[in-house]
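Positions are given from 1 along the sequence. Side chains included, hydrogens not; waters and symmetry mates left out as well; all remaining heavy atoms used.
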Amino acid sequence: MEKRTRLKLISEMPILKAFADNWENVVQFQAKADDLLICTYPKSGTTWMSEIVDLIRNGGETEKSQNKAIFDRVPFLECVGSTMPSGTELLDKLDFRRVIKTHLPISILPETFLEKNCKVIYVARNPKDVAVSYYHFYRMSYRHPEPGTWDEFLNSFMEGKVSFGSWSSHVKGWWKMRQQRDILYLFYEDMQEDPRREIKKVMKFLGKDLSDEVLEKIHQNSSFQAMKNNPMSNFSTYPYMDQSVSPFMRKGICGDWKNQFTVCQNEKFDEYYRREMSDTDLSFRM
Ligand code: A3P
């Protein structure tokens with residue numbers, strides 16, 4: 001069983017030690033023009049979007065989504081582990097129309113994706129819910145450092161001292177990039193509010209004109225409950241997680257931060273948010 005280790009820095013960004021040690025393979029990775037990147041800061045709805053894209057690609061049919069784990073259907077570029085193929089190894093075996101998950105900020109995304117003009121779907125989520133979700137993820141995903149108390153973790157989050165670094169730099173960096181590139185920038189809160197509307201945006205972005213019946217199938221099969229019940233989507237077959245500590249498909253709601261933040265933590269966080277977001281027109285619904 002792999003152990004908790006300290007994070008390592010890649011271009012000043014903290015990341016799991018195993019990922020940092022494998023970084024050369026990520027740098028050398030060759031993108032293809034028909035690759036689709038699903039990019040997020042961790043805990044922002046990556047798996048949900050991956051399932052939606054996979055279902056759209058398969059016309060709503062669940063044959064694949066119920067027979068192959070989500071981390072094999074949508075390989076995680078920078079991921080590596082001792083008991084499974086790395087993201088780049090999985091991707092190198094796929095010939096075409098690859099869907100790739102990454103948590104990399106735009107500042108260190110390998111150039112190859114920009115050179116090949118790959119399409120990108122970016123999903124952002126309000127930072128209070130991200131922080132709570134990330135805390136519980138740190139507890140159960142035991143290759144991360146010990147999260148410490150919730151208060152300690154929240155401070156680390158605000159200081160950008162968690163895996164993949166600063167939340168604000170991540171969401172702002174990709175937000176800026178969306179004006180120059182083929183990027184569909186979506187929000188977890190919008191997906192919660194009206195999943196059909198957001199799935200339609202993804203369909204349009206992928207050039208798919210599917211019937212309302214298929215849309216409904218995609219909607220049903222990518223719901224929180226359907227994904228929680230699907231062993232191929234709920235990470236129950238993934239090593240390096242102890243789901244008895246906290247399930248990967250945890251709550252899947254907006255505003256869970258209200259159950260976790262104290263009044264004092266919330267005031268401090270609002271101050272952090274104001275400071276970090278003062279130089280952007282990007283804003284979040286909490
Ligand atoms: P919570 O911990 O708040 O429940 P990621 O895939 O980026 O790691 O994000 C994980 C978060 O997305 C978790 O949030 C998880 O429950 C939530 N999630 C996953 N699938 C979902 C779905 N179909 N609908 C709503 N939320 C979902």
Side-chain angles (χ1 to χ4, degrees), residues 1-31 35 37-44 46-47 50 69-72 74-93 98-115 118 120 122-123 127 130-131 133-148 152-174 177 235 238-242 245 248:
M1 186 161 122
E2 296 199 22
K3 293 205 186 82
R4 293 188 183 274
T5 48
R6 289 167 73 98
L7 300 174
K8 269 179 96 171
L9 294 179
I10 290 289
S11 303
E12 293 177 27
M13 184 195 73
I15 195 170
L16 289 190
K17 180 182 176 299
F19 293 14
D21 292 344
N22 180 55
W23 186 243
E24 206 41 45
N25 287 320
V26 176
V27 171
Q28 282 167 12
F29 181 74
Q30 290 300 308
D35 284 344
L37 268 187
I38 296 178
C39 184
T40 58
Y41 187 82
K43 312 323 288 174
S44 302
T46 332
T47 317
S50 301
I70 190 68
F71 47 85
D72 287 323
V74 180
F76 181 9
L77 178 68
E78 58 273 20
C79 183
V80 66
S82 58
T83 58
M84 59 190 288
S86 67
T88 54
E89 281 166 352
L90 285 171
L91 287 163
D92 284 340
K93 285 193 193 128
R98 302 180 296 189
V99 187
I100 306 173
K101 161 183 166 178
T102 182
H103 289 318
L104 296 180
I106 186 71
S107 55
I108 60 167
L109 184 80
E111 276 290 316
T112 180
F113 291 102
L114 303 175
E115 285 161 9
C118 298
V120 179
Y122 188 87
V123 186
V130 168
S133 182
Y134 213 177
Y135 171 62
H136 292 293
F137 185 67
Y138 253 65
R139 291 172 52 233
M140 62 83 85
S141 175
Y142 51 77
R143 290 198 295 174
H144 289 80
E146 285 288 352
E152 284 164 352
F153 182 82
L154 189 60
N155 282 325
S156 301
F157 180 87
M158 286 188 279
E159 289 167 7
K161 290 185 178 158
V162 292
S163 189
F164 295 101
S166 156
W167 169 85
S168 59
S169 304
H170 207 288
V171 295
K172 287 191 294 186
W174 279 99
M177 197 55 157
F235 277 83
Y238 191 76
Y240 322 127
M241 287 179 187
D242 183 349
V245 173
F248 181 85

Students often mix this up, so state it plainly: with edges at 30° and 60°, are the rings of Y41 and H170 parallel, tilted or perpendicular? perpendicular
Can a donor-acceptor pair be found, under 3.5 Å and without considering hydrogens, that links the side chain of R139 to the backbone of P147? no
Only pairs under 3.5 Å count here: list side-chain donor-acceptor contacts from residues 11-21, not counting sequence neighbours, and write none if there are none.
{"unit_1": "K17", "atom_1": "NZ", "unit_2": "D21", "atom_2": "OD2", "d": "2.7"}
{"unit_1": "D21", "atom_1": "OD1", "unit_2": "K8", "atom_2": "NZ", "d": "2.7"}

Just by distance, do the side chain of H136 and the backbone of S133 share a donor-acceptor pair under 3.5 Å? no
Centroid separation F71 to F76 less than 6.0 Å: no
Working note: Y138 + V162, criterion side chain to side chain contact (heavy atoms under 4.5 Å, CB included); need CA distance, chi angles, decisive distance, verdict. CA-CA 10 Å; Y138 253 65; V162 292; 3.6 Å; yes
Does E152 have any salt bridge (Lys or Arg N to Asp or Glu O under 4.0 Å) partners at least two apart in sequence or in another chain, and if so, which? none
S86 backbone acceptor or donor facing E89 side chain under 3.5 Å: yes
Those residues that, when tested against Y240, pass ring-ring contact (aromatic ring centres under 6.0 Å, His included) (two or more places apart): Y238
Would T40 and H103 count as having a side-chain donor-acceptor pair, cut-off 3.5 Å? yes
Over 60° means perpendicular and under 30° means parallel, so classify the ring planes of W174 and Y122, tilted if in between. parallel
Would you say the ring centroid of F157 lies under 6.0 angstrom from that of Y135? no
Would you confirm whether T88, through its side chain, and V26, through its main-chain N or O, come within 3.5 Å as a donor-acceptor pair? no
Under 3.5 Å: donor-acceptor pair, side chain of R4, backbone of Y142: no
